[in-house]
Asks: 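Mind looking over this structure? Questions follow.
Values reported hereafter were calculated over all heavy atoms of this structure, with side chains retained and with hydrogens, waters and symmetry mates removed.
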Amino acid sequence: MAKFEKASSIGEWLDQRIAVETLKKVMQTEYWIPKDINFLWAMGMVLAATFGILIVSGIFLLMYYQPHVDHAFDSVNYLIMTEVGYGWLWRHIHGVGASLVFLIIYIHMFTGIYYGSYKRGRELIWISGMLLFVLFSAEAFSGYMLPWGQMSYWAGMVITNLFSGGSLEAYGLVEWIRGDYVPAQAFLTRFFMLHVFLMPLMIIGAIVFHFGTLRIPHVNNQEGEDFDYAEAAELYKAGKVKESKVIPFSPVFLSKDVFVMGVYFVLFFYLVFYNFSFAMDPVNFDPANGLSTPAHIYPEWYFLWSYEILRPFSKDIGLILFAISQVIFFTLPFLDRSPNVAPASRRGLFKYWFWILLVDCLILTFMGKLPPTDPTFASIGLVSAVIFFALWIALPIITKLEKKL
Amino acid sequence: MSSRRDFMGMALGGFTALGGIGALYAMKKSWDPLPSVKAAGFTKIDLSSMVENKLAVEKWRGKPIFILKKTADMKKDDRDLIVGSDRYHLSIGLCTHLGCIPAYKPDDKKFLCACHGGEFDTAGNNLPGLPPPSPLEIPPFKLEGTTLVLGETGPEYQKMFDAGITV
């Protein structure tokens, strides 16, 4: 047995037993963050904070929500919204938070793409981050089912239908996922379970993994500079704070994060209190009805770009391209053949690749919201979808041609 | 002795795998549609009260079902349901494009989907040049006199199915 001496403080007592001092060093005071970064490096902690707020608001909604096809709609729209004290607050925080979490995820992703923060030892950061994106998508979709309005029902119908695989006609699989021939009680209860338990559990696990993948390669910096962390850390610890290229994660970097979070939460709560309706689709204020389709079905804004990839093609090709678009971002560290870790502005053709991808995703998003009946917009959507895939085919070629910096 | 360890390892691994497969099977079965859901998957419809050129919408397995008694001037089709001297159109009322519910226009004698402008004739065939890729689907049915049982496969349906008229 280990030898224990009488501790003189609670901190020491804990340190003897679970090495809190070591833990604090590894994860906070000696977890070195480069100085040469900007506000975009705060998005990770902004996401963590938003996820925390989603959990807290979710807990309060969970206490009154009833996962039953006859009661779900009323429990949300009457019980929570009108009877429960501040029930409206939790709901609007939850709805706005779900929307903003995707906005920040996209900013976080494109920051990583711009600065090349997915290669040379940072591949797993990117892959675990993409895994989080997929898990958050599943979490958002399952949560969207719960108010059991018209959009919940028909989104559930259309998305589960995707699993029939077009001409494969795997309707057995679709019925298995639903537990019924159409979305009904079994469907609602299982998506309720996924939303409040399994998905959050997996997200928490994936966040821990994502942080873990970051620890050894360290975060990237604005110039993609590869310097000696041990040396920089020694300088910092020796008191030469100005000369050192690094700062400790906590409290120095975190205080900067908290400032960015402060700005972000001003926007967040402005939306929650004064402009929440963008996160509340009016069609979903009609109760689910399997015998009446809404005139125009569209997903929430954060799924529109991939929805627009599904739409302009014939059923089978659309499904295949949609499936590819869902996983193609995972392959980024391997399709980028250039050894350069640098901002896109200094990487030749990749600069154009980045901005075209960003603008193309925005165009796809706008086109996805419009009804496909207008031929002009339908062809813009088609061209944007083709460009999306052309970009991914071009990526290995243009990065192979890139000059080594 | 490594062979003894190997044996222990393999025995443990084998039983664990067996238990794992059993658990996966149970999980798969737990997600299957319940017997009560399956038992409720049959709908009986009386055809004798149908009016010509007036669409009846019934519900079967949560989906809308179209039944239209055809008038004499409507084009005959292999997809028609023949009961005595009458012809009926029977289909699942979901557009084969993206699953919206088309509306019946009795004056134009065709189905029109408001979502993306798809059209179907009175036999449920999709009109060319429009989004729907295939005709309206026909649900499995069985005829018992003038009563239609949806969810059971009768000889008429089997014939259509074998001929590739529906899936």
Asks: Parallel, tilted or perpendicular: which one describes the rings of A/Y181 and B/W60, with boundaries at 30° and 60°?
Replies: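 A/Y181 and B/W60: parallel rings.
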Asks: Measuring from atom NZ of B/K29 to atom CH2 of A/W176, what distance do you get when rounded to the nearest 0.5 angstrom?
Replies: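 So the NZ of B/K29 and the CH2 of A/W176 are separated by 11.5 Å.
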Asks: Measure across B/P64 and A/G290 and return the closest heavy-atom pair with its distance rounded to 0.1 Å.
Replies: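 Looking at all heavy atoms of both residues, the shortest contact is CD-O, 4.0 Å.
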Asks: What do you reckon, is OH of A/Y64 surrounded by more than 12 foreign heavy atoms closer than 6.0 Å?
Replies: no
Asks: Decide if atom OH of A/Y78 counts as having more than 12 heavy atoms of other residues, nucleotides or ligands within a radius under 6.0 Å.
Replies: no
Asks: What part of A/P294 lies closer than 4.5 angstrom to a heavy atom of chain B: side chain, backbone, both or neither?
Replies: backbone
Asks: Chain A heavy atoms under 4.5 Å from B/S36: which part of the residue, side chain, backbone, both or neither?
Replies: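 Answer is neither: B/S36 stays 4.5 Å or more from chain A.
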Asks: Count the heavy atoms of every other residue, nucleotide or ligand shown that sit under 6.0 Å from CZ of A/F163, and state whether that count exceeds 12.
Replies: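 No.
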Asks: Within a reach of under 6.0 Å around CZ of A/F278, are more than 12 heavy atoms found that belong to other residues, nucleotides or ligands?
Replies: yes
Asks: Over all heavy atoms of both residues, which pair between A/V182 and B/K63 is shortest? Give the atoms and the distance, please.
Replies: CG1-CG, 3.6 Å
Asks: Looking at CD of A/E175 and NZ of B/K38, how far apart are the two atoms once the value is rounded to the nearest 0.5 Å?
Replies: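 One gets 8.5 Å once the value is rounded to the nearest 0.5 Å.
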Asks: Is the number of heavy atoms from other residues, nucleotides or ligands under 6.0 Å of B/F161 CZ greater than 12?
Replies: no
Asks: Does CG in B/D46 sit with more than 12 non-hydrogen atoms of other residues, nucleotides or ligands closer than 6.0 Å?
Replies: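 It does: B/D46 CG has more than 12 such atoms within range.
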Asks: Of all heavy-atom pairs between B/L94 and A/W154, which one has the smallest distance, and what is that distance?
Replies: CD2-CH2, 4.4 Å
Asks: Measure A/F187 against the heavy atoms of chain B and call it side chain, backbone, both or neither at under 4.5 Å.
Replies: neither
Asks: Check this for me: A/M280, atom CE, are more than 12 non-hydrogen atoms of other residues, nucleotides or ligands nearer than 6.0 Å?
Replies: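 Yes - once you tally the heavy atoms of other residues, nucleotides and ligands closer than 6.0 Å, there are more than 12.
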Asks: Can you tell me how far apart CG (B/D32) and CZ (A/R178) are? Round to the nearest 0.5 Å.
Replies: 14.5 Å
Asks: Mind ranking A/V158, A/I177, A/L291 by heavy-atom pairs under 4.5 Å with chain B and telling me who comes out on top?
Replies: A/L291
Asks: Just wondering, more than 12 heavy atoms not from B/M27 lying within 6.0 Å of its CE?
Replies: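 No, not enclosed.
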Asks: Is it the backbone or the side chain of B/S134 that comes under 4.5 Å from a heavy atom of chain A, or both, or neither?
Replies: neither
Asks: So which part of B/I101 gets closer than 4.5 Å to some heavy atom of chain A, the side chain, the backbone, both or neither?
Replies: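 Contact with chain A: backbone and side chain both.
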